[in-house]
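Numbers here simply count residues along the sequence, with the first being 1.
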Amino acid sequence: MTILDGKKCSNDIKNEIKDEVDKMKAKGEKVPHLAAVLVGNDGASLTYVGSKVRACERVGFKSTLVKLSSNISELELLDKIEELNQDDDIDGFIVQLPLPPQIDTQKVLMQVDPQKDVDGFHPTNFGKMALDMTTFIPATPFGILELLERYNVDTKGKHTVVIGRSHIVGRPMSILMGRKGWPGNSTVTLTHSHTKNITQIISQADIVISALGIPNFLKAEMIRDDAVVIDVGITRVPDENAKKGYIITGDVDYENVSKKASFITPVPGGVGPMTIAMLLKNTLLARELHRLRE
């Protein structure tokens with residue numbers, strides 16, 4: 001069994017990006033600039049955005065954090081996004097989710113200029129991804145592809161079962177694993193809460209990608225021997241013995257599933273760290289595309 005070490009891979013990617021940025025600086029070129037829009041004081045969002053800002057510093061990117069009040073109106077937020085769209089110094093930006101209830105998330109994401117949408121959430125970029133065109137791939141699916149590639153996991157002709165159909169992970173993952181090329185060329189089954197005989201379907205999979213958000217959902221008896229298991233789930237489970245009062249748990253019963261799998265991602269330290277690394281990679285691409293338009 002091989003552990004797909006997202007922590008190590010993400011560090012490798014950050015080092016590679018830093019080398020690229022150092023070359024840009026040496027040539028006197030503008031370095032990539034990533035902005036993050038944070039509305040309110042959600043604890044998890046603050047943590048995520050903080051780690052993104054630190055990652056930017058590490059690789060030599062310029063970063064801007066736009067902090068806005070939780071009672072901001074939808075119109076004010078849309079105006080702020082349009083301001084970022086028009087700011088030529090910013091190559092890419094993200095709007096940290098979730099947004100407060102008074103704001104229509106879809107409307108906000110639609111307002112982001114697709115050429116600066118480094119999260120890959122805009123329908124223009126989603127459509128380009130589905131058509132195999134150069135674009136920003138959502139960071140988590142992009143990170144999974146990168147892990148499969150760096151660990152030489154064979155996907156050609158394999159049966160991939162994706163559990164969960166979210167727009168952020170499940171649905172793009174199902175498209176990417178079925179695309180021509182590598183990683184890809186697999187036969188994909190997309191499962192969700194209404195799938196009948198889900199256990200039977202999972203048991204036929206060569207590759208299982210679980211993005212469900214139900215702790216320890218995937219048990220050892222549900223997978224075949226030597227399956228590749230990618231765990232996207234990340235849930236805080238209360239635990240009075242833990243220092244923080246909770247433990248981070250994935251969708252997979254790691255202790256038992258790891259005994260049967262050929263490759264597996266741990267939680268934490270698997271897919272999670274890759275997400276930020278690929279956001280940086282998308283920002284590097286945004287800077288390159290921006291430079292070509294200048």
Side-chain angles (χ1 to χ4, degrees), residues 5-18 20-21 31-72 76-77 80-81 83-84 87 89-100 103 105 108-109 112 116-121 136 138-144 146 168-169 213 232-239 242-250 265-287:
D5 188 342
K7 208 168 179 182
K8 181 194 177 298
C9 267
S10 70
N11 279 328
D12 291 345
I13 291 163
K14 286 173 190 169
N15 289 338
E16 290 160 16
I17 292 172
K18 187 178 184 306
E20 287 292 317
V21 174
V31 300
H33 183 178
L34 174 67
V37 177
L38 178 63
V39 182
N41 292 305
D42 177 73
S45 293
L46 283 164
T47 303
Y48 287 140
V49 169
S51 57
K52 286 165 185 172
V53 168
R54 286 193 299 278
C56 283
E57 285 168 4
R58 181 183 156 179
V59 299
F61 284 8
K62 187 177 174 184
S63 71
T64 298
L65 175 55
V66 181
K67 280 189 83 172
L68 302 169
S69 161
S70 58
N71 56 15
I72 191 172
E76 286 173 308
L77 179 55
K80 175 53 74 174
I81 286 170
E83 203 180 292
L84 295 171
D87 187 340
D89 191 54
I90 291 171
D91 298 297
F93 68 94
I94 60 158
V95 180
Q96 186 64 43
L97 303 179
L99 292 169
I103 291 166
T105 299
V108 167
L109 295 178
V112 177
K116 293 190 176 190
D117 167 41
V118 287
D119 259 337
F121 292 162
F136 304 117
T140 301
F142 197 7
I144 293 167
E146 195 77 13
I168 294 171
V169 183
V232 188
I234 182 158
T235 308
R236 289 183 179 187
V237 177
D239 185 336
K243 196 175 171 184
K244 293 180 178 176
Y246 64 85
I247 53 169
I248 299 291
T249 306
T265 59
V267 174
V271 173
M274 295 299 290
T275 300
I276 290 179
M278 303 323 279
L279 179 67
L280 297 175
K281 206 160 184 177
N282 273 346
T283 306
L284 189 65
L285 173 63
R287 168 86 287 268

Within this structure, what is the CD-SG distance for the pair Glu146 and Cys9, rounded to the nearest 0.5 Å? 7.5 Å
CA sep, side-chain torsions, deciding dist, call: Arg287, Asn282, side chain to side chain donor-acceptor pair (under 3.5 Å): CA-CA 9 Å; Arg287 168 86 287 268; Asn282 273 346; over 6 Å; no
Between His33 and Asp91, a side-chain donor and acceptor under 3.5 Å: no
Would you say the side chains of Thr249 and Thr235 form a donor-acceptor pair under 3.5 Å? no
Answer yes or no: is there a donor N or O on one side and an acceptor on the other, between the side chain of Lys116 and the main chain of Leu84, under 3.5 Å? yes
Spell out, as yes or no, whether a donor-acceptor pair under 3.5 Å connects the side chain of Thr47 to the backbone of Gly43. yes
Are [X] and [Y] side-chain neighbours, meaning at least one heavy-atom pair lies under 4.5 Å?
{"X": "Asn11", "Y": "Ile13", "value": "no"}
{"X": "Lys52", "Y": "Ile94", "value": "yes"}
{"X": "Glu76", "Y": "Ile103", "value": "no"}
{"X": "Ile276", "Y": "Ser51", "value": "yes"}
{"X": "Val39", "Y": "Val37", "value": "yes"}

Between Lys281 and Glu16, is there a side-chain N and carboxylate O pair less than 4.0 Å apart? no
Does a salt bridge link Glu57 with Arg54, judged by any charged N lying under 4.0 Å from a carboxylate O? no
What do you reckon, is NZ of Lys14 surrounded by more than 12 foreign heavy atoms closer than 6.0 Å? yes
Have a look at Phe121 and tell me which of Val112, Leu109, Val95 forms a side-chain contact (heavy atoms from CB on, under 4.5 Å) with it. Leu109
Given Ile90, Val53, Thr283, the one that forms side-chain contact (heavy atoms from CB on, under 4.5 Å) with Ser63: Val53
